[in-house]
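See below for the structure under consideration.
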Amino acid sequence: MKTNKGDYMQPKFDKAYFVKMMRFPNEWVTWGMYPNELFKIQLIDYEPGSESASEHYRYGAFQWWLHQKLTLDTIRKYVDLTHLDPDPLMGESARRDLEKR
């Protein structure tokens, strides 16, 4: 959606809708791996139509976690989420990124 000045307005999505639209597996939410802070960051970056490349948002979520202090539990969930992702190649890339960390 555009304003009169041609700038995009921030959409009014709730977190549950955004997660579904971007094809995040449900475990992101149920395991506490998609906190409100991450949702707000991704919502600000959202551009209409980018849901057709939703893997970029999911990969971005993995990258966000790599900049956090990770516990063993978080690492296990991260790895499990890479296997649950609808894009197996992107999941594999996220696992490699964790190994490099």
Side-chain angles (χ1 to χ4, degrees):
M1 48 189 106
K2 289 193 174 195
T3 65
N4 292 335
K5 297 177 184 176
D7 297 329
Y8 283 102
M9 294 172 36
Q10 186 172 345
K12 303 280 186 201
F13 299 141
D14 69 8
K15 184 175 166 180
Y17 181 79
F18 190 80
V19 165
K20 185 175 182 175
M21 181 175 66
M22 294 303 175
R23 299 181 61 210
F24 281 88
N26 292 333
E27 288 82 357
W28 276 92
V29 174
T30 59
W31 294 349
M33 294 291 287
Y34 197 73
N36 289 333
E37 177 185 358
L38 176 54
F39 166 62
K40 289 175 185 176
I41 291 167
Q42 291 198 320
L43 186 60
I44 289 168
D45 289 339
Y46 172 77
E47 293 181 15
S50 62
E51 55 276 5
S52 65
S54 61
E55 69 276 6
H56 296 284
Y57 288 85
R58 296 189 312 276
Y59 188 71
F62 284 117
Q63 293 300 304
W64 183 85
W65 276 106
L66 293 178
H67 292 92
Q68 309 304 311
K69 184 175 181 180
L70 299 176
T71 65
L72 184 57
D73 183 56
T74 304
I75 292 169
R76 286 180 181 141
K77 289 174 182 175
Y78 178 107
V79 171
D80 287 345
L81 289 169
T82 68
H83 288 286
L84 293 171
D85 197 85
D87 183 337
L89 293 176
M90 190 275 296
E92 183 180 331
S93 292
R95 283 191 300 280
R96 276 190 262 121
D97 292 342
L98 178 62
E99 291 170 1
K100 293 177 195 172
R101 184 174 185 264

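These figures come from a predicted structure and were not determined experimentally. Numbers for residues simply follow the sequence, beginning at 1. Side-chain atoms are counted along with the backbone in the values below, which use heavy atoms only and exclude waters and symmetry mates.
Here the CZ atom belonging to Phe62 is positioned 10.0 Å from the CG atom belonging to Asp97, to the nearest 0.5 angstrom. Rounding to the nearest 0.5 Å places OH of Tyr46 at 4.0 Å from CZ of Phe13. Going from atom CD1 of Ile75 over to atom CG of Leu66 covers 9.5 Å, rounded to the nearest 0.5 Å. A distance of 4.0 Å separates CG of Asn36 from NZ of Lys15, quoted to the nearest 0.5 Å.
With a 4.5 Å cut-off on side-chain heavy atoms, Val29 and Phe24 do not count as touching. Between Leu43 and Phe18, the closest side-chain pair of non-hydrogen atoms falls below 4.5 Å. Contact check for Gln68 versus Thr74: no side-chain heavy atoms found under the 4.5 Å cut-off. When side chains are defined from C-beta on, Trp64 counts as touching Pro35, because their heavy atoms get closer than 4.5 Å.
In plain terms, the two heavy atoms of Phe39 and Asp14 that are nearest each other are CZ-C, 3.7 Å. Across Tyr59 and Ser93, no two heavy atoms sit closer than the pair CE1-CB, 4.1 Å.
A side-chain donor-acceptor contact under 3.5 Å links Gln42 to the backbone of Tyr57. For Tyr34 (side chain) and Ala61 (main-chain N/O), no donor-acceptor pair under 3.5 Å exists by modelled atom type. Between the side chain of Trp65 and the main chain of Leu98, no donor-acceptor pair closer than 3.5 Å is present.
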Next item on the list: Determine, step by step, whether Val79 and Arg76 satisfy the side chain to side chain contact (heavy atoms under 4.5 Å, CB included) criterion, reporting the C-alpha distance in whole Å, the side-chain angles of both residues, the deciding distance to 0.1 Å, and the verdict.
Entry: CA-CA 5 Å; Val79 171; Arg76 286 180 181 141; over 6 Å; no
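A 6.0 Å sphere centred on CG of Asp80 holds more than 12 heavy atoms belonging to other residues, nucleotides or ligands.
The existence of a salt bridge linking Arg96 and Glu92 is confirmed by a sub-4.0 Å separation between a basic side-chain nitrogen and an acidic carboxylate oxygen.
The salt bridge (charged side-chain N to carboxylate O under 4.0 Å, His left out) analysis of residues 60-73, with sequence neighbours excluded, yields the pairs Asp73-Lys77. Applying the salt bridge (charged side-chain N to carboxylate O under 4.0 Å, His left out) test to pairs two or more places apart or on separate chains, those with a residue in residues 49-61 are Arg58-Asp85.
Using modelled atom types, one finds no donor on one side chain facing an acceptor on the other under 3.5 Å when comparing Ser54 with Arg23.
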